[in-house]
Amino acid sequence: MSRDHVQSAGRPATGSGAPTGVPVTSDGGAETPFLELLARDAAAEAYEQPALLARAEGRPADRIAALEHAKLLALRVRAELEGRRRREAELSALFETAHDLAGLRDVDAVLQAIVQRARSLLGTDVAYLSLNDPARGDTYMRVTEGSVAARFQQLRLGMGEGLGGLVAQTARPYVTDDYFKDDRFQHTLVIDSGVRDEGLVAILGVPLMLGPNVIGVLFAADRRARVFEREQIALLGSFAALAAAAIDTANLLTETRSALAGLERANEIIRDRSAVIERASDVHDRLAELVLRGGGVHDVAAAVSQVLAGAVEFAEADAAPAKALEASRAEGHAVRHGDDWIAAVAAGGELLGALVLCGHPGLDPVDQRTLERAAMVTSLLLLARRSAAEAEQRVRGELLDDLLDARDRDPRLLRDRAARLHADLDATHVVLAARLDDPAVDAEQEAAARRRLWAAASHLAATRHGLAAARDGGTVLLLPLGPADTATELARRTARHLGAAVHERVTVGASAPVDDLLAHPDALPAAYAEGRRCLDALRLLGRSGDGAAAQDFGFLGLLLAGERDVTGFVDRTIGPVVEYDERRGTELLRTLDAYFACGMSPARTKDELHVHVNTVAQRLERVARLLGDDWQGPERALEIQLALRLHGLAAPERH
């Protein structure tokens with residue numbers, strides 16, 4: 001029974017009314033009872049009570065609707081809190097296990113703790129660990145947790161039999177929703193009898209690896225049908241890696257003790273070996289301390305550098321020597337590369353990078369193990385940070401999706417959600433539509449490229465206190481606009497930043513600046529549509545990999561902009577001439593009108609204006625100084641004529 005159910009069962013019933021401490025008053029906000037439920041971590045069923053009570057009391061329909069809406073929001077918050085608590089518990093268990101491993105004294109105690117934590121975090125009925133016995137050529141149960149059947153606890157299996165045999169053969173995790181209906185592995189009478197005695201149905205098994213060899217299998221099982229999620233498989237895999245490390249360390253300690261007993265004549269060698277082991281234990285303690293106090297990858301490298309008396313650096317997967325990195329991952333050990341040592345940092349078959357010990361060709365085996373343990377701890381840190389980053393990315397994307405799609409959301413709740421992400425929705429923002437331009441070879445590569453773009457955009461949004469979400473085959477960003485910044489500059493910087501991050505051309509279209517997002521819920525979708533139009537225009541004009549806003553397209557920008565900014569277009573095009581005429585009482589605008597009407601002929605213009613041709617020339621020279629020497633070029637001349645026409649149409653309104 002969950003804690004929520006226990007709490008619910010422990011409260012006294014109050015008839016058909018609301019639960020104790022959850023008043024539903026006519027003058028209170030609809031969210032108040034749900035905030036109180038969240039504050040005391042109530043069971044999910046309790047969230048139905050405020051609306052039921054309101055109906056029973058004959059409250060107005062709008063009040064009931066508000067309560068239903070607040071209930072949905074509260075349940076989402078509750079689910080998010082539960083998810084975060086679960087992730088924190090998982091990471092805490094992994095860190096505690098790493099700490100146990102660093103101070104390993106009793107391998108059985110460490111393995112028992114690993115199995116217990118795996119069962120608790122995955123919420124299964126049973127968890128158990130089996131190890132291979134090379135001497136007898138079979139596999140035996142080493143540790144069980146939650147088992148009630150004696151025959152199951154004493155099983156010895158032939159190599160290659162059962163689901164564990166399939167895991168050992170392929171060195172990959174396997175899961176079955178219904179053990180007795182699964183024919184992917186070899187069923188035997190002994191195994192099936194033990195599983196039937198235990199009443200198991202759904203079983204997940206992950207390999208315990210030492211280098212390329214499978215030394216055993218870690219299992220989690222339920223007595224009912226169940227689908228194990230990818231995150232749960234990865235979590236059990238992390239525990240399996242720690243269990244394998246514990247066994248490996250125990251084997252190393254056993255070998256060391258045997259050597260001490262058998263080599264009494266080599267006291268000096270034994271002392272040296274002991275010093276190396278102490279150094280390894282010291283680095284294990286340091287790494288555990290780093291993990292527990294939230295240290296980073298470079299902190300791990302620095303700690304190992306001190307212990308090994310050499311320079312240890314973390315390198316990204318694409319920056320490390322490819323062959324050495326692949327060999328280290330395949331063998332599960334650090335490998336020598338010239339005068340350096342390379343230890344792959346990997347998790348679940350994915351290369352995350354490498355720890356590189358530079359300029360240290362001679363390396364003691366225990367120091368080599370120390371480097372490998374540091375690589376394993378580094379992978380745990382990277383996975384933990386990735387999990388946290390992905391969670392934040394999802395939250396940022398959900399908020400932006402709500403701003404774009406759910407325009408009837410409560411502004412106060414949206415503002416609070418943004419504040420938790422360090423985003424200020426009251427600031428001036430620009431909506432940016434970003435898309436990759438280089439075509440992918442196949443659908444899988446295209447999906448991977450889009451994920452990289454979304455990840456890069458989410459990282460940029462987090463550092464700029466904005467939001468990002470995957471949308472319409474690309475990515476949409478909502479970034480604050482600095483006081484001295486423009487939408488165009490922001491679009492270009494974003495295109496360069498995202499392109500460098502994903503190593504492909506990224507085109508970015510920007511909207512005009514948007515103020516008061518929450519006061520005008522329709523402004524954000526309109527701005528996104530404007531940004532997409534700018535993005536399409538850039539691609540049609542052959543400017544892939546660039547960034548721009550509607551104002552950068554001249555009179556074409558009038559068509560791209562969500563709101564037709566005629567005044568802004570006129571000011572950008574002939575504003576200096578208008579201001580000059582108004583300030584000095586000249587007739588430069590009238591001269592420009594006549595000049596274009598006369599086919600850009602000064603002689604015909606002077607007849608139209610009844611002035612000397614030199615006067616026309618002087619006025620046109622002044623126009624050139626105000627608008628630039630290229631004002632008579634085809635594009636500029638077209639824009640100027642359009643601006644003159646728009647200015648003339650707007651003139652009656654100003655008078």
Side-chain angles (χ1 to χ4, degrees), residues 1-2 86 89-90 93-94 97 108-133 138-209 214-244 246-247 348:
M1 180 180 294
S2 68
R86 184 176 64 255
E90 292 172 356
L94 288 174
T97 305
D108 288 331
V110 173
L111 295 179
Q112 187 69 48
I114 289 173
V115 172
Q116 288 174 347
R117 290 166 184 162
R119 179 196 176 201
S120 175
L121 288 176
L122 269 67
T124 58
D125 298 321
V126 182
Y128 51 99
L129 183 149
S130 67
L131 291 180
N132 297 345
D133 187 344
D138 63 359
T139 300
Y140 65 99
M141 290 288 187
R142 176 67 181 269
V143 181
T144 64
E145 179 67 18
S147 174
V148 296
R151 180 160 54 175
F152 180 79
Q153 298 169 16
Q154 299 169 5
L155 274 179
R156 295 193 72 96
L157 320 174
M159 298 298 289
E161 297 176 351
L163 184 141
L166 183 61
V167 174
Q169 286 177 347
T170 62
R172 296 176 58 186
Y174 270 88
V175 61
T176 177
D177 299 337
D178 192 331
Y179 176 87
F180 291 101
K181 294 181 180 179
D182 199 331
D183 58 359
R184 292 177 298 169
F185 45 83
Q186 179 183 350
H187 287 266
T188 68
L189 179 61
V190 174
I191 299 175
D192 287 357
S193 298
V195 172
R196 188 174 287 106
D197 286 353
E198 193 63 48
L200 301 182
V201 177
I203 304 177
L204 164 64
V206 296
L208 276 65
M209 304 290 297
V214 179
I215 63 169
V217 180
L218 179 61
F219 299 87
D222 255 337
R223 297 186 175 95
R224 62 189 184 282
R226 169 180 177 168
V227 176
F228 288 93
E229 299 176 355
R230 181 178 302 177
E231 292 81 3
Q232 295 172 323
I233 298 174
L235 178 61
L236 194 63
S238 298
F239 278 119
L242 292 173
I247 295 168

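Numbers here simply count residues along the sequence, with the first being 1. These numbers were taken from a predicted model, which means no experiment stands behind them.
When the shell of 6.0 Å around CZ of Arg156 is examined, it contains more than 12 heavy atoms from other residues, nucleotides or ligands.
Across every non-hydrogen atom of Val167 and Gly205, the tightest pair is CG2-O, 3.7 Å. What you find for Ala240 and Pro207 is that their closest heavy atoms are CB-O, 3.5 Å. Minimum heavy-atom separation, Ile191 to Gly162: CD1-N, 3.7 Å. Taking all atoms of both residues into account, the shortest heavy-atom contact from Ala221 to Ile203 is CB-CG1, 3.9 Å. Between Val175 and Phe228, the shortest heavy-atom distance links the atoms CG2-CD1, 3.4 Å. Gly158 and Asp138 get closest at one heavy-atom pair: CA-CB, 4.3 Å.
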Go through Asn132 and Leu208 one step at a time and tell me if the side-chain contact (heavy atoms from CB on, under 4.5 Å) criterion holds. CA-CA 10 Å; Asn132 297 345; Leu208 276 65; over 6 Å; no
Step by step, work out the side-chain contact (heavy atoms from CB on, under 4.5 Å) result for Asp108 and Val143. CA-CA 8 Å; Asp108 288 331; Val143 181; 5.6 Å; no
Going through the distances and angles, do Phe239 and Val206 end up as a side-chain contact (heavy atoms from CB on, under 4.5 Å)? CA-CA 9 Å; Phe239 278 119; Val206 296; over 6 Å; no
So Val190 and Leu155, side-chain contact (heavy atoms from CB on, under 4.5 Å) or not? Walk me through it. CA-CA 8 Å; Val190 174; Leu155 274 179; 3.7 Å; yes
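Judged as a ring-ring contact (aromatic ring centres under 6.0 Å, His included), and not counting sequence neighbours, the contacts of Phe219 are Tyr128. Qualifying side chain to side chain contact (heavy atoms under 4.5 Å, CB included) partners for Ala171, counting only residues two or more places apart in sequence or in other chains: Met209, Val214. A search for side chain to side chain contact (heavy atoms under 4.5 Å, CB included) contacts involving Arg184 returns Leu166, Tyr174, Thr176, Asp182, not counting sequence neighbours.
Counting heavy atoms from C-beta on, the side chains of Val227 and Asp177 come closer than 4.5 Å. Residues Thr124 and Gln232 form no side-chain contact, since every pair of their non-hydrogen atoms from C-beta on lies 4.5 Å or further apart. Within the 4.5 Å cutoff, side-chain heavy atoms of Leu204 are placed close to those of Leu236.
With rounding to the nearest 0.5 angstrom, the CD atom of Glu161 is 11.0 Å from the CG atom of Leu189. Remark: Leu131 CG to Ile247 CD1 distance equals 4.5 Å, nearest 0.5 Å. For the atom pair Leu242 CG and Leu111 CG, the distance stands at 10.5 Å (nearest 0.5 Å). Distance check, rounded to the nearest 0.5 Å: CZ of Arg142 to CG of Leu218 gives 13.0 Å. With values rounded to the nearest 0.5 angstrom, Arg117 atom CZ is found 15.0 Å from Arg119 atom CZ. In this structure, CZ on Arg226 lies 6.0 Å from CG on Leu122, to the nearest 0.5 angstrom.
The backbone N or O of Asp125 sits less than 3.5 Å from a side-chain atom of Asp222, completing a donor-acceptor pair.
A donor atom on one side chain and an acceptor atom on the other are found under 3.5 Å apart for Gln153 and Ser147.
With respect to Tyr179, the side chain to side chain contact (heavy atoms under 4.5 Å, CB included) criterion is satisfied by exactly one of Val201, Leu200, Asp192: Asp192.
Ionic pairing of Arg151 and Glu198 is not present here: no N-O contact between side-chain nitrogen and carboxylate oxygen is shorter than 4.0 angstrom.
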